[in-house]
Amino acid sequence: MNRIVLKLGVVMMSLILAVLLPLGFVADRILTQFYYNQIQEEIQELSQKYANSIMSLNDETVLNMYKNLAYFMNKEIYITDESGRVIADTDIQTNPLSTEELKQLSEGNPIQKNIEDRITNETYIGSGYPIMFSDTFQGSFFVFAPVEDAHAPVHKIRDLLFLSAVGAFFLGLGFTFLLARKMSNPLLEMERATKEIAKGNLDVRVNTLPNDELGSLGSAINNLAVETNRYRTNRRELFANISHELRTPISYIKGYSNVLKNDLFETEKEKQHYLTIIEDETERVMRLINELFDLAKMEEGKIDLQMEAVDLAEVIETAVLKVNLEIEKKGLTLVTEIDGHIPFIEADGNRLNQIIINLLMNAIRYTEKGSIYLKLWSKKNNVYVSIEDTGIGIPKEELPLIFERFHRVEKSRSRDLGGTGLGLAIVKNLVEIQHGTISVSSELNKGTKFVLSFPEAG
Ligand code: ADP
């Protein structure tokens with residue numbers, strides 16, 4: 001038997017015994033007292049009745065009649081004369097009456113007398129009543145009943161109680177066993193499941209899910225398995241993506257350095273071209289590593305933010321200055337529209353700058369001609385920034401995926417344009433850890449619009 005069944009069983013049985021034992025003891029005491037009092041009342045009544053009804057103390061037949069009566073009543077009697085001498089008895093052997101007792105009786109008072117039979121050693125409770133003929137004390141009539149009479153029915157009841165206690169014990173035992181099994185089965189199943197999960201077998205599930213706390217524990221274990229599985233798949237994909245992303249630039253670097261090492265170029269211009277490729281690819285690897293590192297820190301919640309009241313209008317102006325050159329290179333125009341009074345927001349200025357530059361660089365990267373609109377406004381305690389372009393756009397079905405790591409709509413183009421596929425994942429993380437939100441809308445070949453919102457500093 002498993003240990004939990006045993007423990008539960010012991011607890012329940014102890015409880016049953018803890019209730020039954022004192023109950024039996026108390027019932028025993030109360031019942032004994034009850035029967036004792038009942039017998040006492042009975043013999044008091046009998047002794048009074050007999051003492052009042054007896055007509056003669058000298059007539060042997062009368063005395064014998066009373067003895068027979070006592071015999072049928074299952075009682076012992078003895079009758080004394082006025083001096084306390086026993087003149088008739090049912091062979092009960094006891095001490096003579098004391099002077100005190102005799103005095104009580106002669107004054108017309110009944111007495112109590114508990115005795116022990118000298119021969120049988122049995123204890124009797126007795127009651128004596130004075131016999132009066134025309135108000136003169138003639139003797140006394142004693143009726144005795146063995147104390148055992150008070151105990152006998154109690155013993156019967158005690159036996160019954162004992163029997164029912166044994167019955168209750170076994171019933172309880174069976175019940176406990178069933179209950180404990182019912183409780184421990186799901187627990188054992190959960191133990192097996194968690195051990196399997198710990199071993200890495202993440203497809204295992206807890207199937208017994210009772211509608212109680214054990215059930216919720218089981219579901220929690222199942223959720224844990226699902227989550228761990230998702231985490232594992234995610235991690236696998238991440239590693240696959242990282243190695244894939246590293247492989248391309250590194251094979252470029254390796255290939256072109258080989259070309260240079262073996263002098264496999266014809267003109268100085270060609271050599272310069274190869275060197276530029278090596279430099280660009282090295283830069284890409286560095287960017288990739290830095291971005292990955294940033295993202296990992298963010299996902300673990302370990303990034304340090306210098307939160308302060310920030311003026312977004314100022315952040316935007318600095319960002320615009322930084323991307324101006326790229327805009328000019330591609331022959332695009334940047335239209336900035338900043339509303340009059342913009343409240344400060346609680347954020348990290350440098351990280352905000354990183355977000356805006358990233359979105360602007362994407363807009364530039366994926367727009368061939370036209371304009372990029374950058375707007376800043378505030379509404380209902382929130383500050384909004386929108387970055388809209390007139391570029392290639394994003395297909396509808398791709399929109400929910402673009403914030404995922406390494407997700408690119410057109411892999412080769414993004415790569416050719418210098419993207420790592422991590423930019424938007426970082427942006428979304430950065431926005432969210434600064435209590436902001438980011439949303440995107442886009443139309444293919446028309447353009448894309450990102451909107452950020454941050455709560456006003458309180
Ligand atoms: P990347 O480094 O490839 O740009 P991002 O995470 O920044 O990675 O963006 C993910 C993908 O979303 C990009 O590869 C691109 O396909 C798409 N994307 C992002 N911004 C824009 C935009 N302004 N216009 C069109 N497509 C975009």
Side-chain angles (χ1 to χ4, degrees), residues 234 237-238 240-249 252 280-299 316 319-320 322-323 326-327 329-336 351-375 385-433 436-452:
N234 215 330
E237 276 170 11
L238 180 66
N241 279 327
I242 294 174
S243 25
H244 177 79
E245 291 300 322
L246 286 175
R247 203 170 296 132
T248 328
Y252 271 106
D280 284 353
E281 295 299 321
T282 316
E283 221 166 74
R284 173 201 289 280
V285 172
M286 276 181 63
R287 204 168 56 237
L288 190 72
I289 290 170
N290 284 339
E291 287 184 350
L292 267 175
F293 193 63
D294 244 14
L295 203 58
K297 272 204 297 193
M298 270 179 245
E299 284 179 357
I316 284 175
V320 167
K322 282 198 191 149
V323 298
E326 305 289 329
I327 298 217
K329 262 203 248 170
K330 278 192 97 169
L332 301 167
T333 45
L334 179 64
V335 184
T336 319
R351 293 298 183 175
L352 277 181
N353 192 50
Q354 187 182 346
I355 293 169
I356 308 284
I357 290 186
N358 225 310
L359 292 174
L360 281 175
M361 287 303 284
N362 271 354
I364 299 166
R365 196 180 291 151
Y366 301 107
T367 305
E368 286 316 311
K369 58 177 197 315
S371 310
I372 292 165
Y373 302 91
L374 176 53
K375 290 184 189 159
V385 184
S386 73
I387 294 163
E388 191 175 359
D389 61 50
T390 51
I392 57 169
I394 303 167
K396 237 188 181 56
E397 63 278 10
E398 297 276 347
L399 276 180
L401 305 171
I402 57 164
F403 294 105
E404 283 178 14
R405 291 180 302 217
F406 294 115
H407 188 85
R408 288 146 158 171
V409 178
E410 260 183 89
K411 303 237 177 319
S412 58
R413 175 155 48 183
S414 153
R415 205 191 164 279
D416 292 346
L417 295 171
T420 58
L422 291 174
L424 285 181
I426 292 176
V427 165
K428 187 170 161 58
N429 256 296
L430 281 178
V431 170
E432 285 172 358
I433 55 175
T437 62
I438 181 165
S439 61
V440 61
S441 54
S442 183
E443 212 174 311
L444 213 52
N445 300 321
K446 289 244 170 87
T448 306
K449 182 179 181 182
F450 286 91
V451 181
L452 305 174

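Starting from 1, each residue takes its place in the sequence as its number. Read the numbers this way: they start at 1 and go in the same order the structure lists the ligands and their atoms. All values reported here derive from a predicted model rather than from experimental measurement.
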TODO: Only heavy atoms count here, so choose which of Thr448, Leu359, Asn358, Val409 is nearest to atom 16 (O) of ligand 1.
DONE: Val409
TODO: With heavy atoms of Gly421 as the reference, note each atom of ligand 1 found under 4.0 Å away.
DONE: 1 (P), 2 (O), 3 (O), 6 (O), 8 (O)
Task: Side chains of Arg405 and Asn234, donor plus acceptor under 3.5 Å - done: yes
Open item on the list: Using heavy atoms and a 4.0 Å limit, tell me yes or no: is Arg365 in contact with ligand 1?
Closed with: yes
Open item on the list: Applying salt bridge (charged side-chain N to carboxylate O under 4.0 Å, His left out) as the test, list every pair that has at least one member in residues 437-446; sequence neighbours left out.
Closed with: Glu443-Lys446
Open item on the list: Any donor-acceptor pair under 3.5 Å linking the side-chain atoms of Asn362 with those of Arg365?
Closed with: yes
Task: Those atoms of ligand 1 less than 4.0 Å from some heavy atom in Gly423 - done: 5 (P), 6 (O), 7 (O)
Task: Sequence neighbours excluded - side chain to side chain donor-acceptor pair (under 3.5 Å) pairs with any residue from residues 391-401 - done: Glu398-His407
- [ ] Among Ile327, Asp389, Val323, Ile316, find the one that has a side chain to side chain contact (heavy atoms under 4.5 Å, CB included) with Leu360.
- [x] Val323
Task: Heteroatom proximity flag, Ile394 to ligand 1, N/O under 3.5 Å - done: no
Open item on the list: Pairing donors with acceptors under 3.5 angstrom, does anything connect the side chains of Ser371 and Thr333?
Closed with: yes
- [ ] Go through ligand 1 atom by atom and flag the ones less than 4.0 Å from a non-hydrogen atom of Arg408.
- [x] 3 (O), 14 (O)
Task: Enumerated ligand 1 atoms positioned under 4.0 Å from heavy atoms of His407 - done: 10 (C), 11 (C)
Open item on the list: So, regarding Leu424 and ligand 1 (criterion: nitrogen or oxygen to nitrogen or oxygen, under 3.5 Å), is there a contact or not?
Closed with: yes
Open item on the list: Using a 4.0 Å cutoff against the non-hydrogen atoms of Ile402, which atoms of ligand 1 qualify?
Closed with: 10 (C), 12 (O)
